[in-house]
Amino acid sequence: MSDNQNESLRQAALFYHEHPKPGKLEVRATKPLANGRDLSRAYSPGVAEACLEIKSDPANASRYTARGNLVAVVSNGTAVLGLGNIGALASKPVMEGKAVLFKKFANIDCFDIEVDESDPEKLADIVCALGPTFGAINLEDIKAPDCFIVEKICRERMNIPVFHDDQHGTAIVVGAAATNALRVAGKAFEDIKIVSTGGGAAGIACLNMLLKLGVKRENVWLCDIHGLVYEGRSEDITPQKAEFAQASDKRTLDDVIDDADMFLGLSGPGVLTPDMVAKMAKRPIIFALANPTPEIMPDAARAVAPDAIIATGRSDFPNQVNNVLCFPFIFRGALDVGATEINDDMSLACVAGIAELARATTSAEAAAAYKGEQLTFGADYLIPKPFDPRLVGVVSASVAKAAMDSGVATRPIEDLDAYKHKLNQSVFKSALLMRPVFDAARAAARRIVFAEGEDERVLRTAQAVLEETTETPILIGRPDVIETRCERAGLTIRPDKDFEVVNPESDSRYRDYWQSYHELMQRRGVTPDIAKAIMRTNTTAIGAVAVHRGDADSLICGTFGEYRWHLNYVTQILGSDELSPHGALSLMILEGGPLFIADTQVHELPSPESIARITEGAARHVRRFGLEPKIALCSQSQFGNHSEGSGKRLREALAILDSKPCDFTYEGEMNLETALDPELCNRIFPNSRLREAANVLVFAHADAASGVRNILKMRADGLEVGPILMGMGNRAHIVSPSITARGLLNMAAIAGTPVAHYG
């Protein structure tokens with residue numbers, strides 16, 4: 001990398017840390033503090049009640065304070081990253097970063113605490129004194145052997161988990177990577193010879209983990225800067241290194257590397273040479289984890305051992321051994337069961353969970369975050385990526401179970417499946433709201449045809465549909481293209497084996513399909529030749545015909561193209577006297593709760609009759625999510641203060657609704673502010689039927705509805721479920737091109753529920 005590139009990266013990193021405000025953390029209140037009543041509860045006199053409850057039973061601290069979800073990241077800055085002993089203050093950006101990772105990946109609150117104390121026993125005293133504040137302690141970047149002393153003292157004196165991540169986090173991820181590397185290489189822990197460089201905290205912890213996984217101590221050869229650790233050596237020997245001393249007259253790394261199955265490096269650049277790699281066993285496993293420059297570069301190792309299985313600590317090579325795969329999730333599981341420590345059983349459960357996840361199908365979210373990388377289990381994909389959202393559910397649940405089974409959990413979880421589901425809800429924002437829909441979909445067995453069957457998002461959705469529902473996916477596309485893309489994406493499903501394919505280029509139903517389409521459209525200018533051409537090229541029309549003929553129950557289309565283009569064919573083929581598009585309903589999942597918006601797509605300027613139908617349809621669909629609809633008809637007009645425009649059409653729609661026996665709450669016409677602020681609504685219109693904030697906003701202009709939807713999506717971090725096409729009896733849904741695989745799965749669940757279920 002050039003000097004200019006290095007300087008550019010340096011400036012970008014500094015800018016990131018300084019703007020828009022210095023640092024990477026801030027503290028936010030989780031309770032309202034808007035008036036004197038709130039203040040009297042948050043502080044004096046109300047706070048005394050929580051204090052007394054904790055005094056009577058210390059376990060209540062987890063009920064009435066943040067302690068049960070609060071971790072301290074503690075460092076004295078004596079061994080920071082690749083920077084060495086830079087001191088406590090200079091280590092603060094690293095510790096803030098660690099706190100951010102806790103929050104991002106496991107929703108754990110975290111304080112970074114940098115302590116200016118180099119004496120390990122005094123440092124341990126300080127950490128132990130912090131016990132009342134935290135639910136767990138993460139020791140970080142403390143030099144060896146001091147880190148062993150600090151951790152030992154804290155574990156003995158504290159009744160909460162104490163975890164030195166540099167040791168045990170690294171060891172757990174190395175253990176997971178080694179588990180899968182041996183599986184790929186066809187070898188077993190008990191049979192392999194390991195040569196390791198680096199006798200520091202991380203290196204020793206990794207070797208101890210490998211012993212727990214089955215490696216024989218006599219098969220471990222540890223080297224440091226002075227050469228082999230052998231019996232009788234006195235130079236720079238710690239008790240931890242001495243545990244691995246060999247009775248041998250060999251003295252150097254080069255002497256002991258012969259026939260090694262695995263090299264484990266946690267030392268420095270260039271330690272392992274290509275000549276040494278050439279001496280290793282067939283299919284060598286090389287973990288060169290020194291940062292930023294590994295003990296050997298992957299291309300240099302493969303030049304002499306093309307079949308080598310290689311991991312590094314860098315993100316620009318496959319198999320990055322990164323502690324973030326471990327520490328957020330092991331702490332999540334430990335905190336949730338009130339574990340008094342993190343023991344070997346929990347660490348091994350973490351190893352197994354991480355390794356197992358890499359062998360499973362890659363998640364769509366991880367694939368999107370690492371676009372262009374091959375995420376299929378094998379030599380170049382031994383461990384999952386940090387942004388795989390399934391880590392928290394799989395790993396934390398495994399850790400929690402291990403804590404309970406080993407007797408260190410003070411708050412055991414009765415239903416582990418429900419706990420895992422809750423963890424997934426914390427990652428997948430739509431999971432909680434979608435649960436009633438998925439439950440209803442599992443009670444049915446519907447066939448869902450996807451128009452854009454060659455799209456990778458659709459392929460991932462098809463796999464998820466087969467794993468998580470009772471639905472049958474049908475994909476429109478070329479089978480050879482679909483199969484190639486399934487393989488490339490690391491999916492296990494295959495066309496015509498796991499799901500049905502409709503091949504536009506060659507399908508035995510082609511004649512039946514074009515004739516059905518022609519029969520529907522012959523008096524609307526469609527000739528047989530046009531019908532044939534459309535059934536060869538237009539996948540939305542093909543999917544709609546499949547539903548029309550009964551070969552599928554519902555169509556999902558729209559992953560590319562314009563909404564109304566798709567809507568035209570859906571309406572032509574599936575519309576009838578009973579079925580016509582009433583409107584599109586988008587569920588926006590926001591930090592403050594769900595908000596439904598209609599009509600975002602179908603009617604540019606809906607009539608009063610259409611607005612009434614949209615409102616009724618929205619009420620039905622909202623109940624599918626287990627919510628009671630509270631609908632506001634939104635306009636610039638406010639309860640009749642504008643005589644024309646959208647307000648007039650909304651008032652007419654209100655009159656239509658008032659003439660019917662509606663069993664849901666609706667009100668209008670009103671401003672958005674009034675719809676979402678019940679106090680303001682009551683002040684302006686005391687007789688309003690809407691006594692709470694609206695959870696459904698119905699607009700009289702598609703531009704307004706679509707604009708609000710897009711603003712919430714792009715500027716308020718809103719997650720969209722939908723759009724849901726109302727009025728078509730659940731026979732078709734048209735998504736937006738920005739939809740994710742998770743969004744498509746949500747739509748498949750919606751499409752998978754027979755219309756009778758939500759009437």
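Here the structure is a predicted model, which is why all the values come from computation and not from measurement.
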Could you go step by step and tell me if N682 and R691 meet the side chain to side chain donor-acceptor pair (under 3.5 Å) rule? CA-CA 8 Å; N682 183 60; R691 311 310 298 177; 3.1 Å; yes

Going through the distances and angles, do Y563 and L725 end up as a side chain to side chain contact (heavy atoms under 4.5 Å, CB included)? CA-CA 11 Å; Y563 190 96; L725 183 57; 3.6 Å; yes

Working note: R37 + S40, criterion side chain to side chain donor-acceptor pair (under 3.5 Å); need CA distance, chi angles, decisive distance, verdict. CA-CA 5 Å; R37 184 165 174 263; S40 69; over 6 Å; no

For the pair D663 and R623, evaluate salt bridge (charged side-chain N to carboxylate O under 4.0 Å, His left out) and give the outcome as yes or no after the intermediate values. CA-CA 12 Å; D663 63 347; R623 284 178 170 149; 3.1 Å; yes

Take F134 and V71 through the test side chain to side chain contact (heavy atoms under 4.5 Å, CB included) and record every step on the way to the result. CA-CA 6 Å; F134 298 100; V71 170; 5.7 Å; no

Derivation of the side chain to side chain contact (heavy atoms under 4.5 Å, CB included) call for V465 and I448: CA-CA 10 Å; V465 164; I448 313 298; 5.9 Å; no

Under the side chain to side chain donor-acceptor pair (under 3.5 Å) criterion, do E669 and S635 qualify, and how do the steps go? CA-CA 6 Å; E669 80 287 7; S635 168; 5.9 Å; no

Could you please spell out the steps behind the salt bridge (charged side-chain N to carboxylate O under 4.0 Å, His left out) verdict for E679 and R683? CA-CA 6 Å; E679 290 186 14; R683 189 162 69 245; 5.6 Å; no

Output, in order, the C-alpha distance, side-chain angles, deciding distance and verdict of side chain to side chain contact (heavy atoms under 4.5 Å, CB included) for V622 and F664. CA-CA 11 Å; V622 168; F664 56 89; over 6 Å; no

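Looking only at distances, a side-chain donor or acceptor of H603 sits under 3.5 Å from a matching main-chain atom of H582. Distance alone, capped at 3.5 Å, places no donor-acceptor pair between the N695 side chain and the L595 backbone. Judged purely by atom type and a 3.5 angstrom limit, N69 has no side-chain atom pairing as donor or acceptor with the backbone of L335. Within the 3.5 Å criterion, the main-chain N or O of S706 finds no donor-acceptor partner in the side chain of H701. Checked by atom type and distance alone, the side chain of S554 pairs as donor or acceptor with a backbone atom of N730 at under 3.5 Å. The closest donor-acceptor contact from the side chain of T461 to the backbone of A741 lies under 3.5 Å. Under a 3.5 Å cut-off, the side chain of H642 and the backbone N or O of Q638 do not form any donor-acceptor pair. Side chain of T600 to backbone of A705: no donor-acceptor contact under 3.5 angstrom is found. Not one N or O on the side chain of R709 forms a donor-acceptor pair closer than 3.5 Å with the backbone of E720.
The line from CZ of R332 to CD1 of I108 is 4.5 Å long, rounded to the nearest 0.5 Å. With rounding to the nearest 0.5 angstrom, the CD atom of E456 is 12.0 Å from the OG1 atom of T559. The distance from the CG atom of L587 to the CG atom of N746 is 9.0 Å, given to the nearest 0.5 Å. If you take CG on L650 and CG on L633, they are separated by 5.5 Å, rounding to the nearest 0.5 Å. The line from SG of C557 to NE2 of H733 is 10.5 Å long, rounded to the nearest 0.5 Å. Residue R460 holds its CZ atom at 11.0 Å from CG of D455, rounded to the nearest 0.5 Å.
Counting heavy-atom neighbours within 6.0 Å of Y43 OH, excluding the residue itself, gives a total of 12 or less. At most 12 non-hydrogen atoms from other residues, nucleotides or ligands lie less than 6.0 angstrom from CZ of F111. Applying the 6.0 Å contact sphere to CD of E468 captures more than 12 heavy atoms from other residues, nucleotides or ligands. In K103, the NZ atom is crowded: over 12 heavy atoms of neighbouring residues, nucleotides or ligands sit closer than 6.0 Å.
H621 has its side chain within reach of R624: a pair of non-hydrogen atoms, C-beta onward, lies under 4.5 Å apart. K660 places a side-chain heavy atom less than 4.5 Å from the side chain of I656. Counting heavy atoms from C-beta on, the side chains of F625 and I750 come closer than 4.5 Å. Taking 4.5 Å as the limit, every side-chain heavy atom of L574 sits out of range of all side-chain heavy atoms of L579. For the pair D38/K31, no side-chain contact is recorded, criterion being any heavy-atom separation below 4.5 Å from C-beta on. Within the 4.5 Å cutoff, the side chain of T540 has no heavy atoms near those of the I734 side chain. The shortest side-chain heavy-atom distance between E604 and R564 falls under the 4.5 Å cut-off. A 4.5 Å side-chain heavy-atom check between L459 and Q463 finds every atom pair outside the cut-off.
Between the side chains of R649 and S646, not a single donor N or O lies within less than 3.5 Å of an accepting N or O. Neither side chain, E673 nor N671, offers a donor N or O lying under 3.5 Å from an acceptor on the other. Residues R390 and N424 bring no donor and acceptor atom of their side chains to less than 3.5 Å of each other. Side-chain contact, K713 with S586: no donor N or O sits under 3.5 Å from an acceptor N or O.
No salt bridge links E616 with R620; every basic N to acidic carboxylate O contact stays at or beyond 4.0 Å. Note on D112 versus K24: no salt bridge recorded, every NZ/NE/NH1/NH2 to OD/OE distance being 4.0 Å or above.
Considering every non-hydrogen atom in both R689 and Y666, the closest pair reads NE-O, 3.3 Å. Nearest approach of S637 to G647, heavy atoms of both residues: CB-CA, 3.8 Å. Of all heavy-atom pairs between P723 and Q601, the closest is CG-CG, 4.4 Å. Between I556 and E452, the shortest heavy-atom distance links the atoms O-OE1, 4.4 Å. Across every non-hydrogen atom of I611 and A700, the tightest pair is CD1-CB, 4.1 Å. Taking each heavy atom of V392 and P389 in turn, the nearest pair found is CG1-O, 3.7 Å.
Relative ring orientation between F331 and F102 is described as perpendicular, the plane-to-plane angle rising above 60° on a 0-90° scale split at 30° and 60°.
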